[in-house]
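Just below is one structure, and these are the notes that go with it.
Remember, it's 1-based here, ligands and their atoms both numbered in the order they're listed. Given the structure is predicted, the values throughout are model-derived calculations rather than measurements.
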Amino acid sequence: MTGERTLAVVGAGTMGGQIAYQAALHAWDVRLIGRREERLQDARSEASKLLRRRVEKGRLDHDECEAALARVVLTTELDHVTEATVVIESVAEDREAKRAVIADIAERLCDEAILGTNSSTMPSSILADRVLDPSRLLNVHFFNPPLVMALVEVVQGPHTSEDSTRRAMEFARSIGKTPVLVARETYGFIANRILFIALQEAMRLVQDGYVSIDDCDLAVHQALGWPMGPFALADLVGLDVVEAILEEGARQTGDSRWEPLPLLRDRVQRGELGRKTGQGFSVS
Ligand code: 3HC
């Protein structure tokens, strides 16, 4: 059965998990669909820790918190997609994996549902041939951490209908986010297009010996008002994800400014991926 405010999130990593609980906080019934039970439980315990801290700080009502946690059904069954009017795909940034998952979701999508991909690197056109009705497919791009960051980029593909775009914008608002409309597909959309070139400049300055990682972070934080410097941010996003975004940027734009630098590549090769592994640029 389809509920008018039922969301399915496919992919229970940091992004998918937090998107699910953000919607639940705004009274959406949610199916969080992951491949592994263990990862689903991690998503739930991370969200409950964050939300219960809000309760302790007096910023969230206790009953609202518990109701939100209860609204998210954790499941490994993709068939739950059929119950949703909005589906967000948030699996790993691997082109073939994403194309396969999008096809599996599309087979199960109910007639009224829109399908948003949270991909940072793939405009939905890259996925459109895997979907029966591409007029309901578009990018709905969240920022890390989704429980905190207000912005959502809604990117209309050439195949996306006006109605689907309007519904995606409405969905983002309904879960407390601020959507911006990206009217045409372009690599990195808006925020990542700017952010990742700035990250590259920061990495060049450090690699070429002009400044230390800590001082560069301090300078950007203090002078430009970023909440955290570029290296701390790269650690939050994950250095493997940063590398993948840059590689894909170089491929899709043909612009060498996107080529990952040895400073980044070496760390990724050593398995130092930022916060998730405990080692990266500024975590150790
Ligand atoms: N997940 C969820 N919530 C988090 C969090 C995380 N990883 N880290 C911190 N928070 C929450 C804290 O719980 C706290 O919430 P509370 O006030 O309800 O307790 C709040 O954020 C503030 O946390 P802190 O006081 O510990 O620390 P800060 O004030 O430094 O905030 C931050 C942390 C929110 C991460 C802030 O530094 C920030 O906004 N950084 C910039 C993040 C950013 O630019 N993200 C975009 C990355 S690019 C991207 O995502 C695109 C993708 O395609 C790659």
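- The protein heavy-atom contact nearest to atom 17 (O) of ligand 1 is Arg59 NH1, 2.6 Å.
- A salt bridge links Asp129 to Arg99: at least one charged side-chain nitrogen sits closer than 4.0 Å to a carboxylate oxygen.
- Nearest non-hydrogen protein atom to atom 3 (N) of ligand 1 is Val148 CG2, 3.4 Å.
- In this structure, atom 48 (S) of ligand 1 lies nearest to the protein heavy atom Leu195 CD2, 3.6 Å.
- Here the heavy atom of the protein found nearest to atom 49 (C) of ligand 1 is Phe143 CD2, 3.5 Å.
- Checking Asn144, Thr121, Leu151 against atom 50 (O) of ligand 1, the nearest heavy atom belongs to Asn144.
- Under the 4.0 Å criterion applied to side-chain N and carboxylate O atoms, Arg5 and Asp29 are not assigned as salt-bridge partners.
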(request) Might you work through the side chain to side chain donor-acceptor pair (under 3.5 Å) test for Ser119 and Glu93, ending with a clear yes or no? (result) CA-CA 7 Å; Ser119 177; Glu93 277 309 284; 2.9 Å; yes

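- Checking Leu199, Leu233, Val242 against atom 47 (C) of ligand 1, the nearest heavy atom belongs to Leu233.
- If you check each of Leu60, Val237, Leu236, Leu50 against atom 54 (C) of ligand 1, the one with the closest non-hydrogen atom is Val237.
- With respect to Glu201 and Arg204, a salt bridge is recorded, a charged nitrogen being found less than 4.0 Å from a carboxylate O.
- At a heavy-atom cutoff of 4.0 Å, ligand 1 is contacted by no atom of Thr14, backbone or side chain.
- Of the protein's non-hydrogen atoms, Met228 SD, 3.0 Å is the one closest to atom 40 (N) of ligand 1.
- Side chain to side chain, Glu112 and Thr85 fail the donor-acceptor criterion of an N or O pair below 3.5 Å.
- Contact annotation for Val241 and ligand 1: no heavy atom of the residue comes within less than 4.0 Å of the ligand.
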